[in-house]
Student: 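First the structure, which I've put down as structure tokens, then a few questions once you've had a look.
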Amino acid sequence: MSSKILKIAHFYPDLLNLYGDFGNILALKKRAEWRGIEVEIVNIHLKSTRTNNDSEKHTELNSCDIAFIGGGQDKQQMAVAEDFLAKKADILEAVETGMPFLAVCGGYQLLGKYYETSEGEQISGLNILDVLTKAQKRDSGKKQNRLIGNVVADLHFPLKLAQYLNLKLSEYRSETKNCFNLKTVVGFENHSGQTFIEENSKTKPFAKVKTGFGNNGEDGFEGAYYKNLIGTYLHGSLLPKNPHLVDELLYQALKRRNIFLDAKEWLIPNDTLEAEAHERALSLR
Ligand code: GLN
């Protein structure tokens with residue numbers, strides 16, 4: 001296989017694809033192709049890969065470089081939960097070896113300990129992120145039993161590629177048409193679940209909310225990460241308006257395969273549209 005091919009695993013594309021989360025796959029694919037990297041999308045459906053009790057060491061995920069799981073209603077989450085749990089061994093191995101894995105909303109919740117629905121049903125998660133999620137009960141009396149709206153947050157997740165490019169390409173730093181110096185993340189949230197990160201755990205907050213609710217509307221955090229596994233509530237879809245995040249995921253995927261591009265290979269002719277979309281979203285309330 002040529003070294004310049006990246007394989008993106010897309011979990012349950014037909015079940016977890018709320019608010020156009022598939023746009024994240026398109027952003028990863030397009031920005032990789034702009035750097036001359038071919039991309040293959042590997043759809044992982046229910047029962048389509050090794051389960052924990054399979055003997056042979058094979059599964060689509062093991063041959064992939066990046067993974068993505070989108071959001072969904074409680075019903076879709078319940079539909080995939082058992083199958084997702086059965087794939088835990090492969091997912092854990094991928095995460096521990098640094099595979100970039102983006103999980104949005106419902107997918108994010110399923111990577112924690114559990115998600116308790118507003119009806120009180122507990123859906124077990126993979127317990128790879130030290131988080132737990134509880135939906136507010138409908139009769140909680142709280143005026144807001146769904147957390148909905150535009151989100152602007154300061155990124156806490158380290159952007160190693162951006163640090164490298166800011167160093168190597170200082171002459172481009174000031175130009176607005178390049179996105180590698182964005183420090184915020186923008187998106188749209190709509191969830192009933194309130195997610196809390198276990199204190200003093202290996203799991204850290206993905207971002208700090210400036211506008212919106214984030215994980216729970218209380219502690220000011222948005223999302224969570226462990227190594228290159230990122231859980232976030234940001235739909236939108238997230239990545240097209242956050243190109244700096246796309247490039248970080250691509251960089252980490254290539255690095256995991258010992259493939260390194262020169263600094264100027266990361267520059268693309270014009271990032272103005274993405275930079276403007278990000279800029280515009282910063283002012284949304
Ligand atoms: N069903 C989950 C919740 O309501 C996730 C929703 C989503 O993926 N947008 O919190």
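Residue indices begin at 1 and follow the sequence shown. Counting starts at 1 for both ligands and their atoms, following the listed order.
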Student: Quick one: do D154 and K183 make a salt bridge, cutoff under 4.0 Å?
Tutor: no

Student: Examine G71 against ligand 1 and note whether any of their N/O atoms are separated by less than 3.5 Å.
Tutor: no

Student: Any idea which atoms of ligand 1 are less than 4.0 Å away from a heavy-atom of L18?
Tutor: 7 (C), 8 (O), 9 (N)

Student: Can H235 be said to touch ligand 1, with heavy atoms closer than 4.0 Å?
Tutor: yes

Student: Judged by non-hydrogen atoms, does E189 sit under 4.0 Å from ligand 1?
Tutor: no

Student: Under 4.0 Å between a side-chain nitrogen and a carboxylate oxygen: does that hold for E96 and K227?
Tutor: yes

Student: Under a 4.0 Å N-O cut-off, is there an ion pair linking K168 with D262?
Tutor: no

Student: Under 3.5 Å between some N or O of ligand 1 and some N or O of Y19?
Tutor: no

Student: Which atoms from ligand 1 have a heavy atom of N190 less than 4.0 Å away?
Tutor: 6 (C), 7 (C), 9 (N)

Student: Using a strict cut-off of less than 4.0 Å between a Lys/Arg side-chain nitrogen and an Asp/Glu carboxylate oxygen, indicate whether R280 and E276 qualify as a salt bridge.
Tutor: no

Student: Checking Q194 against T133: is there a side-chain donor and acceptor pair closer than 3.5 Å?
Tutor: no

Student: Is it the case that Y251 and N228 place a side-chain donor and acceptor less than 3.5 Å from each other?
Tutor: no

Student: Answer yes if L234 and L18 sit in the same cluster of Ile, Leu, Val, Met, Phe, Trp and Tyr residues linked by side chain heavy atoms under 4.5 Å apart, and no otherwise.
Tutor: no

Student: Heavy-atom distance to atom 7 (C) of ligand 1: which of C105, G70, G107 wins?
Tutor: C105

Student: Do the ring planes of F206 and F157 sit parallel (below 30°), tilted (30 to 60°) or perpendicular (above 60°)?
Tutor: tilted

Student: Could you check atom 2 (C) of ligand 1 against the protein and tell me its nearest heavy-atom contact, residue, atom and distance included?
Tutor: Q77 OE1, 3.1 Å

Student: Side chain, backbone, both or neither: which applies to Y233 and ligand 1 if a contact is any heavy-atom pair less than 4.0 Å apart?
Tutor: neither

Student: Using a 4.0 Å cut-off to any heavy atom of G106, which atoms of ligand 1 qualify?
Tutor: 5 (C), 7 (C), 8 (O)

Student: Would you mind listing which atoms of ligand 1 come within a distance below 4.0 Å of any non-hydrogen atom of G193?
Tutor: 3 (C), 10 (O)

Student: Checking the side chain of Y225 only, and the main-chain atoms of L129 only, is there a donor and an acceptor separated by less than 3.5 Å?
Tutor: no

Student: Return the residue, atom name and 0.1 Å-rounded distance of the protein heavy atom closest to atom 5 (C) of ligand 1.
Tutor: G72 O, 3.3 Å

Student: For ligand 1 and Q73, I'd like to know whether there is a polar contact (N/O to N/O, distance under 3.5 Å).
Tutor: no

Student: Please work out, at 4.0 Å between heavy atoms, whether the side chain, the backbone, both, or neither of T133 comes within that distance of ligand 1.
Tutor: neither

Student: Got an N/O contact under 3.5 Å between V104 and ligand 1?
Tutor: no

Student: Indicate, as side chain, backbone, both or neither, the part of D74 found under 4.0 angstrom from ligand 1 when only non-hydrogen atoms are considered.
Tutor: both

Student: With ring-ring contact (aromatic ring centres under 6.0 Å, His included) as the test, pick out the partner of F11 among F22, F101, F68.
Tutor: F101

